[in-house]
Amino acid sequence: MKCSRCENEAVIYYSQGRRALCTEHLEEYLLRKVNRAIRRFRMLEGGERVLVAVSGGKDSLLLWHLLKRLGYTVEGLHINLGLGEYSELSEKISRGFSKQHGYDLTVVSVEGDYGINIIRSSRKLRRPPCSVCGTVKRYILNKAAVESRSVLATGHNLDDEAATLMGNILSWDVEQLRRASPALPATHPRLAKRIKPLIYVTEKESATYCLSTGIEYVLPECPHSVGARLSAVKDALARIEDRSPGTLLNFVDTYYRRVRDILGLSGEAREVALAECPSCGYLTSSSGPCAFCRLKGSFS
Ligand code: Q46
Ligand code: ZN
Ligand code: ZN
């Protein structure tokens with residue numbers, strides 16, 4: 001099949017609108033989508049620097065590439081989580097991509113730089129590995145963005161966002177809904193602004209672009225990944241999207257542009273009852289040391 005815009009072979013087909021795009025026109029379309037998200041939610045203003053959380057997965061590599069193509073000042077940060085082969089492969093792929101394109105990358109090792117072993121901590125504290133891992137990732141990413149005076153960008157795509165949103169609606173988790181936003185402002189000097197510029201880009205577009213341009217990304221899932229409920233929601237939404245293309249975009253876009261205001265859930269409740277950690281100075285909801293410092297402390 002030919003691209004609807006030129007004579008090249010198409011790599012992706014959209015049944016809605018009966019369009020097909022080649023790699024070059026898919027990239028042009030993705031750049032427009034990211035640009036629209038950035039402008040619509042005022043993600044980046046006045047020459048702000050960007051720190052991209054690079055996991056080595058397709059979405060983070062695509063995000064990094066598109067932001068560079070749009071001319072932003074971008075740096076990548078990869079966290080080696082110390083989760084065996086999966087982490088070694090993720091670091092290797094992130095470093096390879098950065099070298100191949102000449103993009104700046106910093107690599108932080110949870111074990112080497114902070115002395116935390118996620119799996120041992122999880123056993124010791126009887127917390128699921130993903131809960132410990134989430135604490136560690138959030139802390140390190142926020143700290144790196146604050147220290148480099150950057151906006152933190154993550155590679156959540158449209159399918160991820162729709163599944164998270166729907167999951168929170170199904171359980172009526174109003175607090176999570178209140179906190180969710182494509183752009184969360186920096187409400188404290190130690191809390192970085194966070195953005196999700198791929199919010200209009202589908203999983204299919206992201207995978208197609210990476211495959212058709214030869215971008216190598218981490219395929220295996222983390223061995224500790226258990227998100228069964230979220231995967232079930234994602235599968236159900238994918239079936240709906242298949243039957244009725246455009247549903248996910250409308251669901252997410254309309255929620256953030258109109259519905260959350262109507263419901264009084266405009267994600268600006270980040271600073272609720274947060275205090276400074278007496279040990280590191282970053283924000284915490286507990287009265288003593290923050291969750292990250294408690295993790296570090298559990299090894300001393
Ligand atoms: S890396 Fe970490 Fe994920 Fe692995 S341990 Fe869980 S949270 S599943 S995205
Ligand atoms: Zn084309
Ligand atoms: Zn702390």
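Counting convention: from 1, in listed order, for ligands and their atoms alike. Given the structure is predicted, the values throughout are model-derived calculations rather than measurements. No hydrogens, no waters, no symmetry mates; every other heavy atom, side chains included, goes into these values.
The C133 neighbourhood of ligand 1 comprises atoms 1 (S), 2 (Fe), 5 (S), 7 (S), with distances under 4.0 Å to a heavy atom of that residue. Atoms of ligand 1 found under 4.0 Å from any heavy atom of C130, numbered from 1 in the order shown, are 5 (S), 6 (Fe), 7 (S), 8 (S). Short contacts between ligand 1 and S225, defined as distances under 4.0 Å to a heavy atom of the residue, involve ligand atoms 8 (S). Near K137, meaning under 4.0 Å from one of its heavy atoms, ligand 1 places the atoms 1 (S), 2 (Fe), 3 (Fe), 7 (S), 9 (S).
At a 4.0 Å heavy-atom cut-off, ligand 1 touches L81 through the side chain alone.
Remark: R138 pairs with T135, R194 by the side-chain contact (heavy atoms from CB on, under 4.5 Å) rule, at least two apart or across chains. Checked against salt bridge (charged side-chain N to carboxylate O under 4.0 Å, His left out), K68 has no partners two or more places apart in sequence or in another chain. Every salt bridge (charged side-chain N to carboxylate O under 4.0 Å, His left out) that E9 has, sequence neighbours left out, goes to K2.
Side-chain contact check for E276 versus R190: every heavy-atom pair is 4.5 Å or farther apart.
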Practice problem: Go through E205 and T202 one step at a time and tell me if the side-chain contact (heavy atoms from CB on, under 4.5 Å) criterion holds. | Solution: CA-CA 5 Å; E205 289 169 332; T202 65; 3.1 Å; yes
Exercise. Check the pair K196 / E161 against salt bridge (Lys or Arg N to Asp or Glu O under 4.0 Å), numbers first and verdict last.
Key: CA-CA 9 Å; K196 299 175 187 170; E161 197 62 22; 3.0 Å; yes
Quiz item: Going through the distances and angles, do F97 and Y217 end up as a ring-ring contact (aromatic ring centres under 6.0 Å, His included)?
Solution: CA-CA 9 Å; F97 184 81; Y217 59 90; over 10 Å; no
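Only protein atoms were considered; those of element N, O or S under 2.8 Å from the Zn ion (ligand 2) number 4.
Of the residues V259, L158, I240, I169, the one that meets the side chain to side chain contact (heavy atoms under 4.5 Å, CB included) test with F251 is I169.
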